Amino acid sequence: QVQLVESGGGSVQSGGSLRLSCTISGLSLSDACLAWFRQAPGNEREGVAVLWPGGSRTNFDDSVKGRFTISRDDVKNTAYLKMNNLQPEDTAMYSCAAVSKYVSGNYCYMHPRPYPYWGQGTQVTVSS
């Protein structure tokens, strides 16, 4: 059984930073696409960032490029989303999601539909 557990959300002021963690069990991070999504009240879920298998490639939504980064710890089977210079428009529930590369055809999408495994979500609130 695949499980994703997130942590690291919270409340910060504009310009602050947070680091989200997503720890996976039942699926190796090196064999998976790992994506972060966010959803603000009244908005659709949107893709934020994607970490490709092996960690050789990442993709970011234009709204977070230059501010967010992804890193990984294969020993802990954990991915991290470091968010710098947070702005009020970044306020949302953030969720990580994973799919085996063997299921996704070794292509990682920044769209929620291909991802069968999801974390519980963690709230990020940025005040001005």
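This structure is a prediction, so every number in the text was calculated from the model and none was measured.
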Point to revise | Evaluation steps, side-chain contact (heavy atoms from CB on, under 4.5 Å), between Ser7 and Thr122 | key: CA-CA 6 Å; Ser7 62; Thr122 186; over 6 Å; no
Hey, does the side chain of [X] reach the backbone of [Y] with a donor-acceptor pair shorter than 3.5 angstrom?
{"X": "Arg67", "Y": "Asn85", "result": "yes"}
{"X": "Thr58", "Y": "Leu51", "result": "no"}
{"X": "Asn77", "Y": "Leu29", "result": "yes"}

Distance from [X] atom [atom1] to [Y] atom [atom2], nearest 0.5 Å?
{"X": "Trp36", "Y": "Phe60", "atom1": "CH2", "atom2": "CZ", "answer": "11.5 Å"}
{"X": "Leu20", "Y": "Phe68", "atom1": "CG", "atom2": "CZ", "answer": "8.0 Å"}
{"X": "Ile24", "Y": "Cys96", "atom1": "CD1", "atom2": "SG", "answer": "6.5 Å"}

Point to revise | side-chain contact (heavy atoms from CB on, under 4.5 Å) evaluation trace for Leu18 with Val124 | key: CA-CA 8 Å; Leu18 286 171; Val124 172; 3.9 Å; yes
Identify the heavy atoms of [X] and [Y] that sit nearest to each other, and give their distance.
{"X": "Asp61", "Y": "Gly47", "value": "CB-O, 3.5 Å"}
{"X": "Ala79", "Y": "Leu34", "value": "CB-CD1, 3.8 Å"}
{"X": "Leu86", "Y": "Met83", "value": "CD2-CB, 3.7 Å"}
{"X": "Pro53", "Y": "Cys108", "value": "CD-SG, 3.5 Å"}
{"X": "Ala49", "Y": "Leu81", "value": "CB-CD1, 4.1 Å"}
{"X": "Phe37", "Y": "Arg45", "value": "CB-CG, 3.7 Å"}

Practice item. Sorted by first residue and then second, give each side chain to side chain donor-acceptor pair (under 3.5 Å) pair with at least one member in residues 10-34; sequence neighbours left out. Key: Ser14-Gln87, Ser17-Asn84, Thr23-Thr78, Ser28-Ser30
Check your understanding: Restricting to pairs with a member in residues 93-120, which pass side chain to side chain donor-acceptor pair (under 3.5 Å), not counting sequence neighbours?
Key -> Arg38-Tyr94
Review point. Does the side-chain contact (heavy atoms from CB on, under 4.5 Å) test come out yes or no for Tyr80 and Ile70, once each step is laid out?
Key: CA-CA 6 Å; Tyr80 303 95; Ile70 295 180; over 6 Å; no
Review point. Applying ring-ring contact (aromatic ring centres under 6.0 Å, His included), which residue pairs with at least one partner in residues 6-25 are found, sequence neighbours left out?
Key: none
Review point. Are the side chains of Gln123 and Thr91 in touch, meaning some heavy atoms are under 4.5 Å apart?
Key: yes
Exercise for review: Step by step, work out the side-chain contact (heavy atoms from CB on, under 4.5 Å) result for Leu4 and Glu6.
Suggested key: CA-CA 7 Å; Leu4 281 67; Glu6 302 170 30; 5.6 Å; no
Check your understanding: Is Val5 reachable from Val2 through a run of hydrophobic residues whose side-chain heavy atoms are each under 4.5 Å from the next?
Key -> no
